[in-house]
Amino acid sequence: MDFIRRGFAGVIRKPTKTVILLGIVFVLGNMIAGAISIQQAVRNTEANLYNKMSPITTISVDWEQYAVYTEKNSGPVTLSLPLDKLQKIGESPHIKYYDYSYSINLVSALNRYEGGREDYSESSMRSFSFKGVGNPDMLDIKEGQIKIVAGRAFNEEELQNLTYVVLISDTVARENNLGVGATVIFDNEIDIPISYTVDEAGYVPYVTKSQNYEFEVIGIYETSRQYRQLEDSARWDPQGRDIDLENVMYVSNRVVVEANNFLRDAARQGASERVSHYPPPEYTVLYVLNDPKGLEAFKDDVAALVPDYYKVVASGSFDAVAVPMKSIGDIASMILYVTVGAALVILSLLITLFLRDRKHEIGIYLSLGERKTKVAAQVVLEVVVIAVVAITLSLFSGNALSGALSEKMLIDEVAAEQARASEQKQIYSDLDWMGYSDNLNSEEIIESYTVSIDWRTVFLFYLIGLGVVCISTLIPIVYTTRLNPKKILM
């Protein structure tokens, strides 16, 4: 009978020891299978959820750090990063592309889209937000924020030259019965105090200066947002911001800069030094990442180029996904490492004890001329046969148990992360106000989390499980090969 047949016979001949070893490997296998399944589920869920998010970031002032900085440096500092610095940041290898946009508010007699809300404006003139465009390949179109449904977007010539053409939303177009080719008029107004002396009526006298612009509608867009009633608590809509985004007018950056220059020139003509300066036009830079997972690396790149009181702002979804997933993944990794370590110790001691009871049997094999390598191979075979059965059983039971436990952990972690976010002073980020708020709710995160068995999980489980079993037999094998058959049989 060769060592292979002896190995299988040994498993059957000693059922008590076989059951004990089978039970221990089964229990340890459940823990290893569960940890591996959770790790794979975390990776798959992260990938699926990240694919749903827009990898868009911007740079904003960190007001807490700004307060610390100004206190240490005796006075406020500029809060506007130079455009060349922002362009330098755009050269980061983690950035796919970026774009910047100037913005300004102009008023018009046009009706705003209010989405069923009451319009509280007492004036016949209503304010509209103008968003500058500098690239014909508009970022909002590329990222799916808007879609042209009539007409066209801007061409290079219209953006390079001071051309008064505009894109309006389909909702505003319907409110005002406008189409492509229509003409719309907007006013740029500034109130300048004549002096700071209070008149007889108790008011500071002002003079209003204004300039109007006539725009041609070259395109009509629709947004990608789906509206619900404002009282729907499941809908994230800070103060009706989604509706405000329907009233955005897209023009060239040149138009916004020229409109702002008018305000600055008018302000310089004021009677007091307090209004002699008007701030430069506001601009926002949006950076699109190659991969949402590169966010932390991009933050490091930015930190090396800007003062400490600036920060990278990303959608709230990044933390809502990354924090719970990292917590669960860390727990699963800890369980896996501890279980593997415990399995190595327990199985090594158990197999060594079993072999001590079989030393006479092993002595006989060695005295009959059987090579030590074959005796060691017989021991490994016996252990591996039992382990394969136990590991196969624990694969399915461990996967089922880990699914139930880890889902409960995920629910608790998501709830804790949402509670933490709600306690923050700044509830809505700059990206939220710009419409790039792809916040995933807890239901979406939990529904995307599924612990399942795939070929990667099976392969990794058998690799780790059998690897642990084989390593655990090293000490017993050393013990076996060092036995002296004469002393055993005396």
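Nothing here was measured: the structure is a model prediction, and the numbers come from that model.
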| Verdict with reasoning, Tyr164 to Val166, per side-chain contact (heavy atoms from CB on, under 4.5 Å) | CA-CA 7 Å; Tyr164 290 91; Val166 65; over 6 Å; no
Listed pairs under 3.5 Å, donor-acceptor, residues 250-258 side chains, sequence neighbours left out:
from, atom 1, to, atom 2, distance (Å)
Tyr250, OH, Asp140, OD2, 2.5
Ser252, OG, Val255, N, 3.3
Asn253, OD1, Tyr102, N, 2.9
Asn253, ND2, Tyr100, O, 3.4
Arg254, NH1, Gln160, O, 2.8

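- For Phe396, the CZ atom sits in a loose shell: 12 or fewer heavy atoms of surrounding residues, nucleotides or ligands are nearer than 6.0 Å.
- The pair Glu158-Arg152 meets the salt-bridge criterion, since a charged nitrogen lies less than 4.0 angstrom from a carboxylate oxygen.
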| task | Let me see the working for Tyr69 and Asp308 under side chain to side chain donor-acceptor pair (under 3.5 Å), right down to the final yes or no. | result | CA-CA 8 Å; Tyr69 185 90; Asp308 293 340; over 6 Å; no
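- The CD1 atom of Ile95 sits 10.5 Å away from the CG atom of Leu286 when rounded to the nearest 0.5 Å.
- For the pair Ile391/Leu395, no side-chain contact is recorded, criterion being any heavy-atom separation below 4.5 Å from C-beta on.
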Result block: side-chain N/O donor-acceptor pairs under 3.5 angstrom for residues 82-90, not counting sequence neighbours:
from, atom 1, to, atom 2, distance (Å)
Lys85, NZ, Leu305, O, 3.4

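- The CG atom of Leu167 lies 8.0 Å from the OH atom of Tyr221; values are rounded to the nearest 0.5 Å.
- Annotation: side chain of Leu178 is in contact with side chain of Ile168 (closest heavy-atom distance under 4.5 Å).
- Screening residues 135-159 for ring-ring contact (aromatic ring centres under 6.0 Å, His included), with sequence neighbours left out, gives no hits.
- With rounding to the nearest 0.5 Å, the separation of NE2 in His94 from NZ in Lys299 is 13.0 Å.
- Between Met138 and Ile146 the shortest side-chain heavy-atom distance falls below 4.5 Å.
- In this structure, Val285 and Asp99 have side chains that are not in contact, with every pair of non-hydrogen atoms separated by 4.5 Å or more.
- At least one donor-acceptor pair closer than 3.5 Å links the side chain of Asn176 to the backbone N or O of Asn111.
- Asp170 is linked by a salt bridge (Lys or Arg N to Asp or Glu O under 4.0 Å) to Arg174, counting only residues two or more places apart in sequence or in another chain.
- Rounded to the nearest 0.5 Å, atoms CZ (Phe26) and OG1 (Thr392) are 11.0 Å apart.
- With sequence neighbours excluded, no residue forms a ring-ring contact (aromatic ring centres under 6.0 Å, His included) with Phe262.
- Using a 4.5 Å heavy-atom cutoff, the side chains of Thr57 and Val302 are not in contact.
- A distance-only check finds no donor-acceptor pair linking the side chain of Ser103 to the backbone of Lys131 [under 3.5 Å].
- Put simply, the side chain of Phe128 reaches to within 4.5 Å of the side chain of Ser108, judged on heavy atoms.
- Sorted by first and then second residue, the salt bridge (Lys or Arg N to Asp or Glu O under 4.0 Å) pairs involving residues 328-342 (not counting sequence neighbours) are Lys326-Asp330.
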| Derivation of the ring pair (Phe, Tyr, Trp, His ring centres under 6.0 Å) call for Phe186 and Tyr213 | CA-CA 5 Å; Phe186 289 87; Tyr213 313 103; 9.0 Å; no
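- Proximity of Met249 to Phe215: side-chain heavy atoms (C-beta onward) are nowhere separated by under 4.5 Å.
- The shortest side-chain heavy-atom distance between Thr163 and Glu157 does not fall under the 4.5 Å cut-off.
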